[in-house]
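Values reported hereafter were calculated over all heavy atoms of this structure, with side chains retained and with hydrogens, waters and symmetry mates removed. Quick note on labels: first sequence line is chain A, next is B, and so on, each numbered from 1.
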Amino acid sequence: MEQQPTIGFAGQQIRVNLDNCSAVVEDLRADWLPLYLGGVGYAARLLYEELSPGIEPLGPDNKLVLSTGPLTMRKAPGGGSLSLCFKSPLTSGWGEARTGGDFGPVLKRAGFDQVIVEGRSEGPVALIIDDCSVELRPADNLVGKTVSEKREILKNELPSGDFKTLVIGPGGENLVRFAGALFDDRIAGRTGAGAVLGSKNLLAIAVRGSGAVDEADPARFTATIRKVNGILKKHPTTAAFKANGTMGDMPGNDYGGDWPTKNWQSNSWGRGTEVFDTFERHNLIRPYACYRGCVIRCGRKVHVQEGSYQTPEHGGGEYESISCFTAFVMNDNVDAAVHSTWLCNEYGIDTISTGSMIAFAMECVEKGIIPEDDLGDLDLTWGNSEALPKMVRMIALREGVGDLLADGVKRAAARLGEAAAPLAVHVKGLEGPAHDPRSGKALAIGYGTAARGMCHIHPVEAMAWDSGKMDWGLQEYGLTDPETVERWDESGKAADVKLIQDGLILPDIVGICKFFMYAGLTLDHLAEMITALTDIEVDGRGLLQVGERVANLQRLFNIREGFTRRDDLLPERVKAVPSFGKYAQERECSIQDYEKMLSEYYETRGWDPETGYPTDAKLKELGIAR
Amino acid sequence: MRVFLKSVGTIARYLGTEAREVELPDDATLADFLDYFGRNLVSEVPAYLWNEKEGDFRGPVIITINGKVAQGRGTPIRDGQELLLFKPVVGG
């Protein structure tokens, strides 16, 4: 019997039109699957076709895709995952944000691989997907509520059962350009998914599902999963994630010059150990898993038990979030950092961008670019912990100086004038996270060329290779042994950066958590699982080609929006010798010839060496029509 | 008894990649190795890696014994086994 072309997938997508409050079920595009598989790949193909260049990201013409991949299912290693893809209101380019949790698997059990949201509703609405039934219902009672409040209301309104929810917070409703979408204790945080949903008046999505997908070769699929789980459970990185979560990297990153400090004036504060020890002793409750069945359990349940920053138990305490509310802003009060990042979640705004904006504001005040008179009684002195929760609220609610900051650092700096420009740390408009290319210079290219902007994890934290000595099993595909590489060398890394980008975009395409590739899951394992599940024959090299194809398509998306080589450049202070700290005299850690690194990378990619545009030959090789 | 200590990745920057012999009491456990490390080798690694108060590594330093992740201070160590120190990247 001939296999159906979408075996291993749910085979359907829902197109929700908020202009006329309709939801249409469509077949999944089977012809796209062998080339793009799913996740950010399928979404890139769809958005490149369906969005016109130049549309307003916060207008009705934008679309937001909730995208699963073939391995988005609880039984697959890392399968509790979901990507949101859209035109970003922060960068006006490719926007994507990923969340862990059960929403993705449950959406697929409801019978849908993708949800496409388009148009704009007149009034606030919530989308309810209950197996095959799809409903848009008024959501006036959710307006202005915090994320926890919205969840509670939905829980009381929905029939009993295992609904998983997406909600936006007041930040999304107020169109904060870095507002995210919240899923249980996780967030699809970066590049403004929450603002896009807020602009469409879609305040919540709830899904419940009871189905299952057919598997092409169930015995082989199960056997491969069993083999991979055996490797994962014994892998030391699994033990490391469970022991300390992502915060485990903080002391080492501070020591290694991988901890951006004081709005990137330095790459090391010298207080990382102190912050980590305090957090472990005082704020950490226990590890947790974001989706049922995860063997890694990198999540942290944290709290502040008492005092002026008292905070209930919640999922948080991530390396990025805590770093952006400590080292970025010179705050040593860990309770204030935990409390403020919890508030970010309650208001629905990205912790990295929010911490970055506060750091930027502190420096602007210090230098007189934002007059203190404009702040009222707000004290934005470096390290003032009391200012942090106030700033989170002001940004989310667009009050006072928060209104300026809510549009992101690129726009804020433009409004403040020339003096603010050198203080604005971003690439393509996305503020930089808590990893510094002055620790491992492969990250310089990573930051410049990641499709969504200055991002360390979409697709890859490249300094983990040349400084952290990780290889993700990619030496088999030609990756230079990281033990033979000098972290501060600039030349000769382009091919390696390309390879790790093409490799590490794959979890976002196949719909799993990337940390599984840190803990022993390889491309060969992914290929074996996909082939067994879907009947799409693919090996590791074939997957790398899919990764390269998607990276090029996302780049075309940006080029079509007017991005040029100029948008791949790094801010000067990210390249400079740190102005204080352990590496203050260390010229070798500064990025000395980034232009040369970038040109070398373009050539390796098969892009025009001047402009960075994928050549016709490269696009033909990858099967992409311009 | 004698065991062999190796390290990889970032820890190898400080301890080197060559195996070194470590003398431990008979019937030693991981606690004995940590005690040894704190007395004899801690000066070779940066302060952030060692929690003096706890007498243990700070953060995600994983010790494998003959390839198997050690499960706590009571994990027994046998003569001739290889102990490997590894600090993976766990950052997001």
Check chain B against chain A and list any donor-acceptor pairs under 3.5 Å.
unit_1: G9(B); atom_1: N; unit_2: E483(A); atom_2: OE2; d: 3.2
unit_1: R13(B); atom_1: NH2; unit_2: S467(A); atom_2: O; d: 2.3
unit_1: R58(B); atom_1: NE; unit_2: D277(A); atom_2: OD1; d: 2.8
unit_1: R58(B); atom_1: NE; unit_2: D277(A); atom_2: OD2; d: 3.3
unit_1: R58(B); atom_1: NH2; unit_2: D277(A); atom_2: OD2; d: 2.7
unit_1: V90(B); atom_1: N; unit_2: D249(A); atom_2: OD1; d: 3.3
unit_1: V90(B); atom_1: N; unit_2: D249(A); atom_2: OD2; d: 3.1
unit_1: G91(B); atom_1: N; unit_2: D249(A); atom_2: OD2; d: 2.6
unit_1: G92(B); atom_1: O; unit_2: H435(A); atom_2: NE2; d: 3.1
unit_1: G92(B); atom_1: O; unit_2: H456(A); atom_2: NE2; d: 2.8

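The two residues V69(B) and A239(A) make their nearest non-hydrogen contact at CG1-CB, 3.9 Å. Of all heavy-atom pairs spanning G248(A) and P60(B), the tightest one is O-CD, 3.1 Å.
Residues forming a side chain to side chain contact (heavy atoms under 4.5 Å, CB included) with E21(B) (at least two apart in sequence, or on another chain): R2(B), F4(B).
Each of V90(B), I63(B), V89(B) has some count of heavy-atom pairs under 4.5 Å with chain A, and the biggest count is that of V90(B).
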